[in-house]
Number of protein chains: 2
Amino acid sequence: METETLIPKDRIHTPEACNVAIGAVRDTLYVLNGKWKLPLIVAMQNGPLRFNDIQRALGDITPKILSKELRDLELNEFVIRRVEATKPVTVTYELAEYSKSLNSVINELRIWGIQHKARITSNRRSAVS
Amino acid sequence: METETLIPKDRIHTPEACNVAIGAVRDTLYVLNGKWKLPLIVAMQNGPLRFNDIQRALGDITPKILSKELRDLELNEFVIRRVEATKPVTVTYELAEYSKSLNSVINELRIWGIQHKARITSNRRSAVS
DNA sequence: GATACTACTATCCTAAAGGATACCGGTATC
DNA sequence: GATACCGGTATCCTTTAGGATAGTAGTATC
């Protein structure tokens, strides 16, 4: 007996909504990959920050990683790096206009994270009791 | 001269909205980490799929990775693995209830991906002309 | 002169992610 | 018997992410 696939052939073999969605999500993940890019953007949402301020805000990022991630974000036009001619020189990072396009994404990720944490916590409680 | 930080001390030193947001986003990224989890969930949004169907839908995922990612998703209660007693045995994967909580997240990622791709494409075009 | 802050960079390392290729037992078809 | 599909595993490998630690030049403060 031939095992039938669950998908009609016209669905799996044409590039339609589902495949477009998969591709779009993959595109997004490709740009925002890794542990740090979105949290960094969130950190800057209240205004420009200096290098060490960002490091303190994130708590556990090393300067090497921070430096690399900021460079990535600058290249992708999410962040503007500004060198102020003070003494000593200070460098501020601020969100570029394009970062605003991520507001909805970030908001959903934030909400989901809060709900998920609540769920995990309540699961653990009911497992104990 | 002492360089002043851009942040008032009461903002950086208290755990307030911004830090909560950073934490929540980091929590979400921790659960949904990697290249594949969200695309896999998207692939199953049209209904249950079998192992090889999923592999074909994603196009370039190897069975080893797929197997591991599906196990992760099952552990986190996003996916249900069902073994059908057909001959030969077939295995179907379908979204568990909890996956629905990701609908908004996925939708925003999808929309952003589409817009971002359009932006990149138009940037390239204007660079050529 | 010692110390500390600025914004980093350099070096070394580990762990994890991910991929290539081959293979497995089982069943079915040709 | 050869081939092909099913749902995976096993083995090996490369790449990347990320972290630990130390150090840099410049300026200012004590």
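Every value quoted in this text rests on a predicted model; they were computed, and no experiment measured them. For the numbers below, each heavy atom of this structure counts, side chains included, while hydrogens, waters and symmetry mates do not.
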Colleague: Can you tell me the distance, in whole Å, between the CZ atom of A:R50 and the C1' atom of C:dA7?
Modeller: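 Roughly 9 Å, once rounded to whole Å.
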
Colleague: Tell me: CD1 of B:I54 to C1' of D:dC6, nearest whole Å?
Modeller: 14 Å

Colleague: Among the candidates D:dT9, D:dA22, C:dT27, find the nucleotide nearest to the side-chain atoms of B:R71.
Modeller: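 Closest nucleotide to the B:R71 side chain: D:dT9.
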
Colleague: With sequence neighbours excluded, give me every ring-ring contact (aromatic ring centres under 6.0 Å, His included) pair touching residues 41-64 of chain A.
Modeller: none

Colleague: Checking contacts here: which listed nucleotide (C:dT9, D:dG8, C:dT6) is nearest the side-chain heavy atoms of B:Y93?
Modeller: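 Comparing C:dT9, D:dG8, C:dT6 against the side chain of B:Y93, the answer is D:dG8.
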
Colleague: Closer than 4.0 Å, any side-chain N/O of A:R56 to the OP1 or OP2 of C:dC5?
Modeller: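 No.
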
Colleague: Any ring-ring contact (aromatic ring centres under 6.0 Å, His included) involving residues 59-93 of chain A? Give me the pairs, sequence neighbours left out, ordered by first then second residue.
Modeller: A:F78-A:Y98

Colleague: Can you check the B:E84 CD to D:dG8 P distance for me, whole Å?
Modeller: 12 Å

Colleague: Which residues satisfy the salt bridge (charged side-chain N to carboxylate O under 4.0 Å, His left out) test with B:E108, sequence neighbours excluded?
Modeller: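 Once residues adjacent in sequence are excluded, B:E108 has no partner under the salt bridge (charged side-chain N to carboxylate O under 4.0 Å, His left out) criterion.
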
Colleague: Using only heavy-atom distances, determine whether the side chains of A:S67 and A:R71 contain a donor-acceptor pair under 3.5 Å.
Modeller: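 Their side chains do contain a donor-acceptor pair, which is all the 3.5 Å distance test asks for.
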
Colleague: Rounding to an integer number of Å, can you tell me how far B:D53 CG sits from D:dG8 C1'?
Modeller: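 The answer, rounded to whole Å, is 14 Å.
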
Colleague: Find every protein N or O atom lying less than 3.5 Å from an N or O atom of nucleotides 18-20 of chain C, and list the pairs.
Modeller:
unit_1 : atom_1 : unit_2 : atom_2 : d
C:dG18 : OP1    : B:K35  : N      : 2.9
C:dG18 : O6     : B:K64  : NZ     : 3.2
C:dG19 : OP1    : B:K35  : NZ     : 2.5
C:dG19 : OP2    : B:W36  : NE1    : 3.4
C:dG19 : O6     : B:K64  : NZ     : 2.1

Colleague: Can you check whether A:S67 has a side-chain N or O nearer than 4.0 Å to OP1 or OP2 of C:dT9?
Modeller: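 Affirmative; the distance criterion is met.
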
Colleague: Report the distance from atom CG of A:L29 to atom C1' of C:dA17, rounded to the nearest whole Å.
Modeller: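 In whole Å, C:dA17 C1' and A:L29 CG are 14 Å from each other.
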
Colleague: Could you grab the distance from atom CZ of A:R26 to atom CH2 of B:W36, nearest 0.5 Å is fine?
Modeller: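 Taking CZ in A:R26 and CH2 in B:W36, the distance rounds to 3.5 Å.
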
Colleague: Quick one: B:L66 CG to D:dT9 P, roughly how many Å, whole number?
Modeller: 10 Å

Colleague: Checking A:N107 now: which residues fulfil side-chain hydrogen bond (donor to acceptor under 3.5 Å, both in side chains) with it, not counting sequence neighbours?
Modeller: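 If we apply the side-chain hydrogen bond (donor to acceptor under 3.5 Å, both in side chains) test to A:N107, skipping adjacent residues, the hits are A:R110.
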
Colleague: List in chain and number order the residues that pass salt bridge (charged side-chain N to carboxylate O under 4.0 Å, His left out) with A:R119, two or more places apart in sequence or in another chain; answer none if no residue qualifies.
Modeller: B:E77

Colleague: Given atom CG of A:N52 and atom P of D:dG26, what is their separation to the nearest angstrom?
Modeller: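 Nearest whole value for this atom pair: 18 Å.
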
Colleague: Take the protein atom CG of B:L49 and the nucleotide atom C1' of D:dC6, then report the distance between them rounded to whole Å.
Modeller: 15 Å

